[in-house]
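A quick write-up on the structure given underneath.
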Amino acid sequence: MSKGRAEAAAGAPGILLKYLQEQNRPYSAQDVFGNLQREHGLGKAAVVKALEQLAQQGKIKEKVYGKQKIYFADQDQFAMVSDADLQGLDAKIVALTAKVQSLQQSCRHMEAEMQKEIQELKKECAGYRERLKNIKAATNHVTPEEKERVYSERQKYCKEWRKRKRMATELSDAILEGYPKSKKQFFEEVGIETDEDYNVKLPDP
């Protein structure tokens with residue numbers, strides 16, 4: 001055993017005890033090993049040995065289910081929670097849930113408004129692209145000033161399109177951080193349509 005691995009194994013009981021107390025939920029040795037291996041460099045044998053040692057010392061509890069052993073923190077060390085405390089926590093949960101729902105509704109409204117504006121900008125850009133195409137095809141019918149004005153307007157609207165698309169992307173990404181479903185499912189539930197849905201590509205600058 002290398003020196004680093006030996007030091008990690010020696011400190012394993014303390015690491016595992018702290019982890020089980022902080023998480024306060026049951027784990028198998030395999031679960032603990034998988035969760036802490038990368039951060040602490042613990043080998044599976046060291047994890048199994050440390051868990052058994054802590055259980056023998058009465059610092060954690062051990063339950064056997066078939067061929068598998070489950071370990072968890074000793075619940076006697078945690079303070080009892082009164083009915084009043086539980087009711088207070090329930091009230092906080094209800095309030096936070098209502099706040100989350102309100103924020104989600106606001107976000108959906110903002111997404112819808114931004115999507116509407118993006119669609120309008122797309123139509124305007126399409127119109128300017130058509131005008132630009134006609135201008136390029138024409139000969140001696142457009143002054144340099146007119147051509148420059150059209151180019152400038154195209155750049156302006158494409159820049160706005162790019163800006164609003166970035167805003168919509170950042171907003172949806174922020175929502176999705178706490179959203180339990182996939183990005184595709186979120187878009188379907190909210191009713192968001194993307195450029196890709198219409199095979200529309202933002203023009204190069």
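When a residue number appears, it is its place in the shown sequence, counting from 1.
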Distance col, row Lys49:NZ vs Leu54:CG, nearest 0.5 angstrom, shows 12.0 Å

Is there side-chain contact between Gln104 and Arg108, with at least one heavy-atom pair below 4.5 Å? yes

Start with the C-alpha distance between Leu16 and Val47, add both sets of side-chain angles, then the distance that settles side chain to side chain contact (heavy atoms under 4.5 Å, CB included), and finish with yes or no. CA-CA 8 Å; Leu16 302 189; Val47 169; 4.1 Å; yes

Between atom OG of Ser152 and atom NZ of Lys159, what is the distance when rounded to the nearest 0.5 Å? 12.0 Å

Is Leu20 reachable from Leu17 through a run of I, L, V, M, F, W or Y residues, each pair having side-chain heavy atoms under 4.5 Å apart? yes

Among all residues two or more places apart in sequence or in another chain, which pass the side-chain contact (heavy atoms from CB on, under 4.5 Å) test with Val48? Ala29, Lys44, Glu52

Throw together a table of side-chain donor-acceptor distances under 3.5 angstrom for residues 119-128, partners on residues two or more places apart or in other chains.
{"residue": "Lys122", "atom": "NZ", "partner": "Asp195", "partner atom": "OD1", "Å": "2.3"}
{"residue": "Tyr128", "atom": "OH", "partner": "Glu153", "partner atom": "OE1", "Å": "3.2"}

What closest approach, in Å, do Leu132 and Arg154 show between heavy atoms, and which atom pair accounts for it? CD2-CD, 3.7 Å

Residues forming a side-chain contact (heavy atoms from CB on, under 4.5 Å) with Lys63, sequence neighbours excluded: Tyr65, Phe72

Step through the shown structure and confirm whether more than 12 heavy atoms of other residues, nucleotides or ligands are within 6.0 Å of CD on Gln105. no

How long is the span from the CD atom in Glu160 to the CD atom in Gln155, to the nearest 0.5 Å? 14.0 Å

Listed partners of Glu62 passing side-chain hydrogen bond (donor to acceptor under 3.5 Å, both in side chains), at least two apart: Tyr71

If every non-hydrogen atom of Pro13 is compared with every non-hydrogen atom of Ala50, which pair is closest and at what distance? N-CB, 3.9 Å

To the nearest 0.5 angstrom, please state how far the NZ atom of Lys18 sits from the CG atom of Leu36. 11.0 Å

Who passes ring-ring contact (aromatic ring centres under 6.0 Å, His included) against Tyr19, sequence neighbours left out? Tyr27

Under a single-linkage definition using a 4.5 Å side-chain heavy-atom cutoff for Ile, Leu, Val, Met, Phe, Trp and Tyr, are Ile70 and Leu51 assigned to the same hydrophobic cluster? no

So which atom in Lys69 and which in Val64 form the shortest heavy-atom distance, rounded to 0.1 Å? CG-CG2, 4.0 Å

Over all atoms of both residues, closest heavy-atom pair of Arg131 and Val150: NH2-CG2, 3.8 Å

Mind checking side-chain hydrogen bond (donor to acceptor under 3.5 Å, both in side chains) for Glu117 and listing every partner two or more places apart, or none if nothing turns up? Arg164

Can you list the residues that meet the side-chain contact (heavy atoms from CB on, under 4.5 Å) rule with Met110, with sequence neighbours excluded? Leu171

Would you please test Arg149 and Glu146 for salt bridge (charged side-chain N to carboxylate O under 4.0 Å, His left out) and show each step? CA-CA 5 Å; Arg149 184 178 69 81; Glu146 175 69 11; 2.8 Å; yes

Is there a donor-acceptor pair under 3.5 Å between the side chain of Asn35 and the backbone N or O of Val32? no

Apart from Leu103 itself, residues in the same hydrophobic cluster as defined by side-chain heavy atoms under 4.5 Å: none

Test item: Ser106 side-chain N/O and Ser102 main-chain N/O as donor-acceptor pair under 3.5 Å: yes

Tell me every residue that passes side-chain contact (heavy atoms from CB on, under 4.5 Å) with Leu96, counting only those two or more places apart in sequence or in another chain. none

